[in-house]
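Have a look at the structure below, then the notes.
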Protein chains: 2
Amino acid sequence: MVNSSQPVHRTARERARAEITGEIVDAARRQLAIVGAAALSLRAVARDLGMVSSAVYRYVPSRDVLLTLLIVDAYDVLGAEVEAAEAAIDRADLLGRWIATGTAVRGWGLAHPHDWALIFGSPVPGYAAPQDTIRPATRVPEVLCGIFADAVTSGRLDTALVGDVSAAVGRAMEPVRTVVPRDRVPDPVMAGGLTAWAGLVGAVSFELFGHLHNVIDDHETFFAEELRRLITLIGLR
Amino acid sequence: MVNSSQPVHRTARERARAEITGEIVDAARRQLAIVGAAALSLRAVARDLGMVSSAVYRYVPSRDVLLTLLIVDAYDVLGAEVEAAEAAIDRADLLGRWIATGTAVRGWGLAHPHDWALIFGSPVPGYAAPQDTIRPATRVPEVLCGIFADAVTSGRLDTALVGDVSAAVGRAMEPVRTVVPRDRVPDPVMAGGLTAWAGLVGAVSFELFGHLHNVIDDHETFFAEELRRLITLIGLR
DNA sequence: AGACTGTCAAGAGCACTGCTCACAATTGTT
DNA sequence: AACAATTGTGAGCAGTGCTCTTGACAGTCT
């Protein structure tokens, strides 16, 4: 109990600090759900908590890092929900796993449109996403890569459905290869999977941002088949 | 010169008014390109024009309608560029027309990222897109429907590539049928085309909003093949 | 020519924002 | 119980969108 005293004393203060910081983030989330990211006001958050605006700055150094906290939070909630939905499907049911993933993504977006806009919409100007956000942001793509990899090993991919990938595109995907090696998800599947992922996000964004007005009636029905179309891009159906 | 005097005098006023309004929109566009939509300040626009902030309100009733003017403007510029790019391709070259369209869309987005965010990114909160924006917003989709329709009549679509469309999805697309009838673009092509369009916008948004960081190196190369993948969704390749 | 009318720039003002700072109160630790 | 780090306070700065009154001006009508 000699050297360990310092950590203990630290956690005492730090615990209270973390708790209040958590309350601030919670209040900010509540406000975000109502007014949106652009109108998120630090003063309003302070009011909501019954504290003075300047006091909040003791815990959150700026409005931008508050936004960062909310972004990380949103990515994590989305990631957790998607992981749970996908894990509930029989491993052999590849199409089912993709559909569960896509449906969970859309469901989360519909339930939290402002959070969706926060992470998939326009980045707030003058705001550069810090390193903290990139790891939670990879959770959903990681789930997808799991499906893609299993689809490859299952041998059930219709390679006639997907065209070849040029060497140049193979080189263009070099960065992602530090995380997902070629022998796990080969180039054509990776390329098609990325397009399917972008298509999925694009489809949900279209719906949430109102671009389907006067175009599509029953979004749910349309989206269900849209998922089936998109996954043909990796040769699955 | 008795009754016509009034109209003449009116247009005199209206002309000056329209000119100054145009200058305001131009200044706003310049500011938009620098600071983005969320940070667009009516006062800064006024300063830029050497007029006092309150004077701007004589021409533009609120910041929101200024945004609307910019949105309409952006849609029109994008639409014009895409139409020109697509019109330059041989009518029989269906794949070429789609690629020209997609490339023009991406090119415009890269050249005007803030305008892209304005129309395809998160809608500004508390702002409902008025009727004025929906017509210019249809210019690019209209170009696409032209390609789709020609692809259908050419008989060069590989129907084996695209799955059938359920009756429910056919009904879900009812709203768009007031503009694009079924005999022009049949259900399966329309559904695939919508998914391709959403995928195109999603792909460009991914690139512009930084979601391809540490994923893709050479966006241009990757995008070129991405276009080819997306259009297989209507059975073209 | 003079009265009238509609238009417009100017500037003060309101309520709000993010953020800083000096000062006071609190509180965990010694 | 006393110390010192930590936290809360309120004033203040510079900025925002927007409203309203005031005064100047130009075109129209009698």
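No experiment lies behind these values; they were computed from the predicted model shown. Just so it is clear, the values below take in all heavy atoms, side chains as well, and ignore hydrogens, waters and symmetry mates. To find a chain, count down the sequence lines: A is the first, B the second, and so on, and within it residues start at 1.
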Given atom [atom1] of [X] and atom [atom2] of [N], what is their separation to the nearest angstrom?
X: A/Ile20; N: D/dT6; atom1: CD1; atom2: C1'; value: 11 Å
X: B/Leu42; N: C/dA9; atom1: CG; atom2: P; value: 14 Å
X: A/Glu23; N: D/dT7; atom1: CD; atom2: P; value: 14 Å
X: B/Arg17; N: D/dG27; atom1: CZ; atom2: C1'; value: 16 Å
X: A/Glu14; N: D/dA5; atom1: CD; atom2: C1'; value: 12 Å
X: B/Tyr57; N: C/dA10; atom1: OH; atom2: P; value: 16 Å
X: A/Asp64; N: C/dG18; atom1: CG; atom2: P; value: 11 Å
X: B/Ile24; N: C/dC8; atom1: CD1; atom2: P; value: 11 Å

Rounded to the nearest 0.5 Å, what separation is found between the CG atom of A/Leu230 and the CG atom of B/Leu230?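 It is 8.5 Å, given to the nearest 0.5 Å.
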Take the C1' atoms of the five end pairs on each side of the helix from C/dA1-D/dT30 to C/dT30-D/dA1, derive the two axes, and give their angle rounded to 10 degrees.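 Axis-to-axis angle, ends of the helix: 20°.
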I'd like to know if B/Arg29 and B/Glu23 make a salt bridge, using a cut-off of under 4.0 Å between side-chain N and carboxylate O. no
Would A/Asp76 and A/Arg139 pass as an ion pair if we require N to O under 4.0 Å? yes
Looking at B/Phe222, is B/Arg229 sitting on its ring face, NZ or CZ under 6.0 Å from the six-membered ring centre and within 45 degrees of the normal? yes
Is it the case that the side chains of B/Thr195 and A/Glu226 hold a donor-acceptor pair, with the cut-off being a distance below 3.5 Å and no angle test? yes
Have B/Trp116 and B/Ser205 got a donor and an acceptor in their side chains that come within less than 3.5 Å? yes
Picking from [options], which would you name as closest to the side chain of [X]?
X: A/Arg43; options: C/dC19, C/dA9, D/dT9; value: C/dC19
X: B/Met51; options: C/dT17, C/dA10, C/dC19; value: C/dA10
X: A/Ala44; options: C/dT17, C/dA9, D/dT9; value: C/dT17
X: B/Arg47; options: C/dT20, C/dT17, D/dT16; value: D/dT16
X: B/Tyr59; options: C/dA9, D/dT7, D/dT16; value: C/dA9

Pick the closest DNA chain D nucleotide for A/Ser54 and for A/Arg58 by heavy atoms, then say which residue is nearer the 5' end. A/Arg58
Does B/Ser41 make a side-chain N or O approach to OP1 or OP2 of D/dG17 shorter than 4.0 Å? yes
Would you tell me if any nitrogen or oxygen in the side chain of B/Arg63 comes within less than 4.0 Å of OP1 or OP2 on D/dC18? no
State which residue, out of A/Arg30, A/Arg43, A/Gln31, fulfils the side-chain hydrogen bond (donor to acceptor under 3.5 Å, both in side chains) condition with A/Asp48. A/Arg30
Mind checking A/Leu66 for me? I need base, sugar-phosphate or nothing, with any heavy atom below 4.0 Å counting as a touch.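 The residue A/Leu66 makes no contact with any strand.
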What's B/Ala55 touching, base or sugar-phosphate or nothing? Going by heavy atoms closer than 4.0 Å.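 Since only primed, P, OP1 and OP2 atoms lie under 4.0 Å of B/Ala55, the category is sugar-phosphate.
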By nearest-heavy-atom nucleotide on DNA chain C, the more 5' of B/Val56 and A/Leu40 is B/Val56
Atom CD of A/Glu220: over 12 foreign heavy atoms under 6.0 Å: no
